[in-house]
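Worksheet: the structure to be examined is printed underneath.
Convention: sequence-line order gives letters A, B, ...; per-chain numbering from 1. The analysis underlying the following values was restricted to heavy atoms, covering all of them including side chains, and did not include hydrogens, waters or symmetry mates.
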Number of protein chains: 2
Amino acid sequence: MANDSRKSAQSRQRILDAAAKAFRRKGYVATRLAEIAAIAGLRAGSIYYHFGSKEEILEAVLDIGIRRIVDAVSAALAGLPEEATHRRRLTTAMTAHMTALLRHGDYSSANVRNFGQIPAPVRRRHLKVRRDYEELWRQLLRQAQAAGEISPSADLKLLRLHLLGTLNWSIEWYRPAGASVEAIAQTFADFIFDGAAMAGEPAP
Amino acid sequence: MANDSRKSAQSRQRILDAAAKAFRRKGYVATRLAEIAAIAGLRAGSIYYHFGSKEEILEAVLDIGIRRIVDAVSAALAGLPEEATHRRRLTTAMTAHMTALLRHGDYSSANVRNFGQIPAPVRRRHLKVRRDYEELWRQLLRQAQAAGEISPSADLKLLRLHLLGTLNWSIEWYRPAGASVEAIAQTFADFIFDGAAMAGEPAP
DNA sequence: GTCTATAGGCTGATAGAC
DNA sequence: GTCTATCAGCCTATAGAC
């Protein structure tokens, strides 16, 4: 009994892992159930013992994906000393987000990549979790601005979209061969804070 | 005769417009030929008078998409006075890119959005045009750095990915209701050049 | 040029044996 | 729990009438 439920949980897990990997690479619609089954080491029909439909698998993958990002960012922030600057907090959060996406990331990448093309009902249900994550960034930015580490004139909504856009777009171009994820995230964080203009250059 | 070839060209155009619109919204794989035909005002079978396959339509849409972006950016840059600063050049290019994407942009959006999930042969053929466009940005950034308007220590490759990532990601969140495309692009350009940190704040 | 009709193939999902 | 077998539906693409 404990044996059966353990076996079931393992198969379910393998199916989810396989789906996340496939969704990340080819997208939800283009991925076939037979493909997921093959990666998971079983036949297409067997999937239906664990899931009611392909959409149900998608929902599970999306949920795990966003949760992994939230957990990674939260854990990284929790590991910082109380007195850490807001700049350090934001840099840490950016690195954690990017790492979750690129290195430990079939689920997280599948989430970010497929979000724009998932069926409407699934999207609606998933939106709540997404908003919670956005709220985390809103708070980080608000606190940094309140503490005077971000310019008071900065539009925090656009800054958040600017920042997350840069990070999320990396799934389109990142290849493990190049610079490390940490180095890239650090460079991006410096761009975000200091800008790329020559120091002392006047604004136009 | 001139009448027929004009009618043919018009239908072909309507099919492409319809495909670009659908590809932008739902992605290539999820879009059905019957759907494209319906938007274009004809039946699925009729499409094959104008195109040999669904993939052929995709290729045409992708090509037009990238060309529209290149043309928009090139035209905007050509409209600048000789003595324009490099900051102004880059800001202008960013605005043109974003406008092409968000406002005049079924083709351009379809291109950016579907690039990650197009069939391998199509992708390979399309890569060349993409690289040409990237080269345009490489030159802009190189010249700006050479002129001393971008910090000599800035990694131009990461700066380009940073900049284009921010712009391209906007197709995931932009809604016409909010701020104008020009205002958003201007804000992003200022972020890119000046950063969001409190002026005079020391780096950590 | 566009239509209707349909071929041919594949896909998500179900049923029943083991 | 997983398999095999199979169904029903849908989709791209083709053929031939108009």
Side-chain angles (χ1 to χ4, degrees), chain A residues 1-23 25-62 110 114 117-123, chain B residues 1-23 25-62 110 114 117-123:
Chain A
M1 169 222 93
N3 220 326
D4 267 18
S5 80
R6 207 185 311 138
K7 184 180 181 190
S8 176
Q10 280 177 358
S11 291
R12 194 188 143 92
Q13 193 57 51
R14 286 209 319 279
I15 293 169
L16 285 174
D17 288 351
K21 183 184 253 180
F23 291 167
R25 264 200 326 146
K26 315 182 41 174
Y28 168 67
V29 191
T31 298
R32 310 296 154 204
L33 279 178
E35 215 172 322
I36 297 175
I39 304 178
L42 33 69
R43 305 305 187 106
S46 313
I47 288 183
Y48 287 86
Y49 177 81
H50 303 277
F51 296 92
S53 68
K54 188 183 170 190
E55 247 185 38
E56 208 177 298
I57 303 178
L58 174 65
E59 287 208 47
V61 169
L62 290 176
N114 287 283
Q117 52 166 315
I118 56 186
V122 181
R123 179 200 238 98
Chain B
M1 168 221 97
N3 219 326
D4 267 18
S5 81
R6 206 186 311 138
K7 183 179 182 191
S8 176
Q10 280 178 358
S11 292
R12 196 188 142 91
Q13 193 57 50
R14 286 209 320 278
I15 292 169
L16 285 173
D17 288 351
K21 184 184 253 183
F23 291 167
R25 264 200 326 144
K26 317 183 42 175
Y28 168 67
V29 191
T31 298
R32 309 296 153 202
L33 279 178
E35 215 172 321
I36 297 175
I39 304 178
L42 34 71
R43 304 305 186 109
S46 312
I47 289 183
Y48 288 86
Y49 177 81
H50 303 276
F51 297 91
S53 68
K54 189 183 168 188
E55 245 183 38
E56 207 176 299
I57 303 179
L58 174 64
E59 286 208 48
V61 169
L62 290 176
N114 286 284
Q117 52 166 317
I118 56 184
V122 182
R123 179 201 238 96

ask   = Ignoring hydrogens and geometry, is there a side-chain-to-backbone donor-acceptor pair from A/K26 to A/R32 under 3.5 Å?
value =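 Checked: no pair found.
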inquiry  = With a 3.5 Å distance limit and no angle check, can you tell me whether B/E56 reaches the backbone of B/G52 through a side-chain donor-acceptor pair?
reply    =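 Yes.
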message = I'd like to check B/L62 versus B/F23 (side-chain heavy atoms, cut-off strictly below 4.5 Å). Are they in contact?
response = no
query = Side chains of B/Y48 and B/L33: does their closest heavy-atom pair fall under 4.5 Å?
reply = yes
Calculate the interatomic distance between [X] atom [atom1] and [N] atom [atom2]; express it in whole Å.
{"X": "A/F51", "N": "D/dG1", "atom1": "CZ", "atom2": "P", "value": "14 Å"}
{"X": "A/E56", "N": "C/dG12", "atom1": "CD", "atom2": "C1'", "value": "14 Å"}
{"X": "B/Q13", "N": "C/dG1", "atom1": "CD", "atom2": "P", "value": "15 Å"}
{"X": "A/H50", "N": "C/dA13", "atom1": "NE2", "atom2": "P", "value": "15 Å"}
{"X": "A/Y49", "N": "C/dG12", "atom1": "OH", "atom2": "P", "value": "22 Å"}

Side chain of B/S11 (C-beta onward), nearest among D/dC3, D/dG1, C/dG1 = C/dG1
Nearest to side-chain heavy atoms of B/R43, which nucleotide of D/dT2, D/dT4, C/dT4 = C/dT4
remark   = One should read off an interatomic distance between A/L58 CG and A/R123 CZ, to the nearest 0.5 angstrom, of 11.0 Å
inquiry  = Nearest 0.5 angstrom please: A/I118 CD1 to A/Y28 OH, how far?
reply    = 9.5 Å
key: Letter per nucleotide, 5' to 3', of nucleotides 11-18 of chain D [B base touched, S only sugar-phosphate touched, - untouched; heavy atoms, 4.0 Å]   = SSBB----
